[in-house]
Every structure is written in C-alpha cells, then in structure tokens.
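Residue numbering restarts at 1 for every chain, and letters A, B, ... go by the order of the sequence lines. Note that these values count all heavy atoms, side chains included, but never hydrogens, waters or copies made by symmetry.
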Amino acid sequence: MPELPEVETIRRVLAAGSATVPSLTGQTIQNAEVFWQGSIANPTAGSFSASVAGREVRALDRRGKFLILNLDQGSLIFHLRMSGDLRMSLGGAPAAHDRLRLHFRSGWDLTFTDPRKFGRVWLVSDPTPILAGLGPEPLDESLSTEAFGERLRQHSRQLKPLLMDQHFLAGLGNIYTDEALFLARLHPLRLSSTLSQAEAERLLAAIRQTLRDGISHNGSSIDWVYRGGNFQNHFNVYQRTGQVCPVCGHTIEKIRVGQRGTHFCPVCQPYMKD
DNA sequence: AGCATTACCCGCACGC
DNA sequence: TGCGTGCGGGTAATGC
C-alpha cells in the first residue's frame with residue numbers, strides 16, 4: 001500500500017519500534033528466506049541470501065515511494081508497488097503471501113508480504129542508480145514554488161498523469177494526486193503548461209498539505225490490505241463517486257485518466273483553458 | 001526528433 | 001461464475 005505517506009509511516013514505525021516490537025535499527029541479519037524469487041530484483045535470487053547475511057541495519061530512509069535500509073555495507077531497498085507491506089514479528093510460520101523474511105540475531109523477523117507480487121527488493125552497494133531518475137521530494141522545503149511552477153510549465157501534460165510521474169515528482173500516487181488536485185481546485189486534465197504561477201503555488205501547497213495529512217493519519221487503509229492508517233476516512237473525492245462534494249455539495253465524478261480511476265468535483269475543479 | 005498519450009502487461013483478491 | 005477494478009510502473013506502439 002504504497003504512496004509516500006504509507007511508505008513514510010512504515011519507515012517511522014519500523015525505525016521507532018513500540019512497547020512490544022523492537023526498532024529495526026541495530027538489528028543484524030542472521031539469514032534470509034526467499035519465498036518468491038521474483039520479488040528479488042538484485043542480485044540474483046540465488047546469491048541474495050548469502051550476500052545479505054551478517055549485515056546490520058544502521059538507518060531507515062525514504063525517497064519517493066522507495067524505502068531504504070542503510071546497512072553497515074550497502075543498502076537494502078524496497079518498493080512496495082501495489083500491495084507490499086513490511087512487518088516485524090517474532091517467529092511464526094510464514095503466511096500465504098509472504099515473499100521474503102529476514103531473520104535477525106535477536107530472534108525477530110522482518111517479513112515482506114506482497115499478494116500481487118509487484119513489489120521488488122534490491123541489495124546494492126550504492127542506491128544512487130536506482131533512485132537517480134526520481135523527481136524532487138515534494139515535502140523538501142528546498143523545492144521552491146518558483147522552481148515547481150517552472151517545471152510544470154516545461155511540460156504540456158495533463159496534471160494527473162504528470163503529478164503521478166515519479167520522474168516529475170517523487171511520491172504521489174493515485175489517491176493523493178486526486179486529493180491534492182481537489183484541494184488545489186484544479187481539473188485533473190488541465191494542461192500543466194497553462195498554469196499561472198498562483199495556480200502552481202496553490203498546487204504545491206495542496207500537495208504538501210495532502211501528504212502531511214496522510215502522514216499524520218498514518219496513511220490510508222483501503223481494499224483488503226490493512227495498514228493501520230485511517231486517512232481513508234478523510235478523503236474528499238477518492239472513492240467518493242456519486243457522493244456530495246464536502247465543499248460545494250455537487251456530485252463527485254469519476255473519469256479514467258491514463259488508465260487510472262480519477263475522482264474530482266466538476267464544480268470546484270473546473271476545466272479552464274489558458 | 002522529441003514529447004505526450006495510449007495500450008498492455010504483470011499476481012491476486014474482492015465486490016457486484 | 002464471470003468480470004471489472006486496483007495505494008505502481010516498465011515497455012512498446014501510436015499520435016502529434
């Protein structure tokens with residue numbers, strides 16, 4: 001369940017631990033069990049286990065939707081794609097959709113579970129090449145509204161697919177893009193080249209507010225994948241097709257943009273040319 | 001040529 | 001039972 005707020009929530013939970021679960025930081029990997037070889041992107045599934053054994057987790061980082069475990073040597077990178085999740089547990093038999101399990105010397109396990117098998121894991125000496133193509137981090141304050149507006153106008157693309165393009169901006173997915181466009185009062189099909197600077201500033205502010213709200217609610221839990229977050233109770237448009245807009249009372253509509261379901265309020269988010 | 005859009009694909013679970 | 005859908009993204013084809 002990964003967009004930026006969900007990945008960030010997972011990062012924080014794993015890093016902080018809890019009263020009953022230790023932090024992932026400082027754990028040393030004793031060995032690894034690969035249940036589904038397709039989940040291992042690098043190195044080959046055969047050498048992954050041997051290479052990761054003995055490594056210690058030093059810190060947890062996030063870049064866009066990538067979760068990065070910094071090790072004493074190299075990095076272990078996860079991309080959860082559509083249905084991946086990571087959990088600490090103490091023993092127990094693997095469940096049906098568990099794809100990878102790291103056993104630590106402490107006796108605790110980190111399990112990567114992923115029903116749809118789209119997620120990937122990389123063990124690399126240098127994470128740079130994997131992250132190189134990502135656009136700026138939306139919550140990074142060094143991303144100025146001026147630079148953002150300039151980047152928007154460098155393209156002539158529909159806002160929805162552009163914002164979801166990880167090369168343009170790192171971290172937004174289908175849910176948070178719809179919610180951010182609603183807050184910004186911008187139509188998802190509006191061409192990025194037509195945005196005024198005021199609209200660009202509104203959009204970046206809306207993106208940041210939406211992501212922060214998502215993180216503060218520990219992300220969203222929808223479909224059959226449970227994450228522990230409750231931002232789904234605060235959606236304005238996503239999965240609210242046919243319901244009333246909380247701002248104007250008009251009916252929320254759903255269209256298809258770039259193969260993705262897209263929810264918006266046609267009154268609050270009018271399509272204005274130029 | 002280069003950019004933008006569309007189609008399709010990849011497992012699986014779920015709702016209608 | 002069958003079919004459409006989906007918190008993602010890569011690749012290939014098509015369009016402008």
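- When only modelled atom types and interatomic distance are considered, A:His103 and A:Glu33 share a side-chain donor-acceptor pair under 3.5 Å.
- Residue A:Gln166 has a polar side-chain atom (N or O) positioned under 4.0 Å from OP1 or OP2 of C:dG9.
- Within residues 124-140 of chain A, no residue has any heavy atom under 4.0 Å from DNA chain C.
- Atoms NZ (A:Lys160) and C1' (C:dC7) sit 11 Å apart, rounded to a whole Å.
- A:Asp114 places its CG atom 19 Å from the P atom of C:dG6, with the value rounded to the nearest Å.
- A:Leu181 places none of its side-chain heavy atoms less than 4.5 Å from the side chain of A:Thr262.
- With B:dA4, C:dG8, B:dT5 as the candidates, the nucleotide lying closest to the side chain of A:Pro2 is C:dG8.
- With contacts defined as side-chain heavy-atom distances shorter than 4.5 Å, the pair A:Asn236/A:Ile252 does not qualify.
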- Query: Reading DNA chain B 5' to 3', how would its secondary structure be written in dot-bracket notation, given Watson-Crick and G-U pairs with both distances under 3.5 Å, brackets [ ] for crossing pairs and | for partners on other strands?
  - Reply: .|||||||||.|||||

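- Distances shown here put a side-chain N or O of A:His97 below 4.0 Å from the OP1 or OP2 atom of B:dA13.
- For the pair A:Arg240 and A:Phe235, the cation-pi test (distance below 6.0 Å, angle within 45°) is failed.
- Here the P atom of nucleotide C:dG8 and the CG atom of A:Asn174 are 6 Å apart, to the nearest Å.
- The C1' atoms of B:dT5 and C:dC7 are separated by 23 Å, rounded to the nearest whole Å.
- One finds no side-chain N or O of A:Lys254 lying less than 4.0 angstrom from the OP1 or OP2 phosphate oxygen of C:dT5.
- Minimum interatomic distance between A:Val7 and A:Lys65 (heavy atoms only, all atoms of both residues): CG2-O, 3.6 Å.
- An aromatic stacking contact links A:Phe118 with the base of C:dG8, defined here by ring centres under 5.5 Å apart and ring planes under 30° from parallel.
- A sub-4.0 Å separation between OP1 or OP2 of B:dC3 and a side-chain N or O of A:His155 is absent.
- Note: CG (A:Asp85) to C1' (B:dA13) measures 16 Å, nearest angstrom.
- A close approach under 4.0 Å does not occur between any side-chain nitrogen or oxygen of A:Arg120 and OP1 or OP2 of C:dG9.
- In this structure, A:Asn174 contributes its side chain and A:Gly261 its backbone to a donor-acceptor pair below 3.5 Å.
- Between A:Asp109 and A:Arg87, none of the side-chain N atoms (NZ, or NE/NH1/NH2) sits under 4.0 Å from a carboxylate O, so this pair counts as no salt bridge.
- With hydrogens and angles left out, the side chain of A:Arg116 and the base of C:dG6 share a donor-acceptor pair within 3.5 Å.
- Each of A:Glu199, A:Lys160, A:Arg157 was scored for a side-chain contact (heavy atoms from CB on, under 4.5 Å) with A:Arg190, with one residue passing: A:Glu199.
- One interatomic measurement links the two molecules: CG of A:Leu80 to C1' of C:dG8, which rounds to 11 Å at whole-angstrom precision.
- Going from atom CG of A:Asp165 over to atom C1' of B:dT5 covers 12 Å, rounded to whole Å.
- By the 5.5 Å and 30° criteria, A:Tyr176 is not stacked with the base of C:dC7.
- Atom CD in A:Gln259 sits about 15 Å away from atom P in C:dG9, given to the nearest Å.
- Here the P atom of nucleotide C:dG6 and the OH atom of A:Tyr238 are 6 Å apart, to the nearest Å.
- Here A:Lys117 does not reach the OP1 or OP2 of B:dC10: none of its side-chain N or O atoms lies under 4.0 Å away.
- If you check C:dG6, B:dA7, C:dC7 against the side chain of A:Ile222, the one that comes closest is C:dC7.
- Put simply, A:Arg157 has no side-chain N or O that comes within less than 4.0 Å of OP1 or OP2 on B:dT6.
- Ranking B:dT5, C:dT5, C:dG8 by closeness to the A:Leu191 side chain, first place goes to B:dT5.
- Taking atom P on both B:dC9 and C:dT5, the two are 16 Å apart, rounded to the nearest angstrom.
- Under the 6.0 Å cut-off for aromatic ring centres, A:Tyr176 and A:Phe231 qualify, their centroids lying closer than that.
- Against the 90° criterion about 0, the sugar-base torsion of C:dG4 places it in the anti range.
- Ion pairing between A:Asp72 and A:Arg55 holds under the 4.0 Å rule for side-chain N and carboxylate O.
- Regarding contacts with the backbone of C:dG8, every side-chain N or O of A:His79 stays at 4.0 angstrom or more from both OP1 and OP2.
- Rounding to the nearest 0.5 Å gives a distance of 11.5 Å between OG of A:Ser75 and CZ of A:Arg58.
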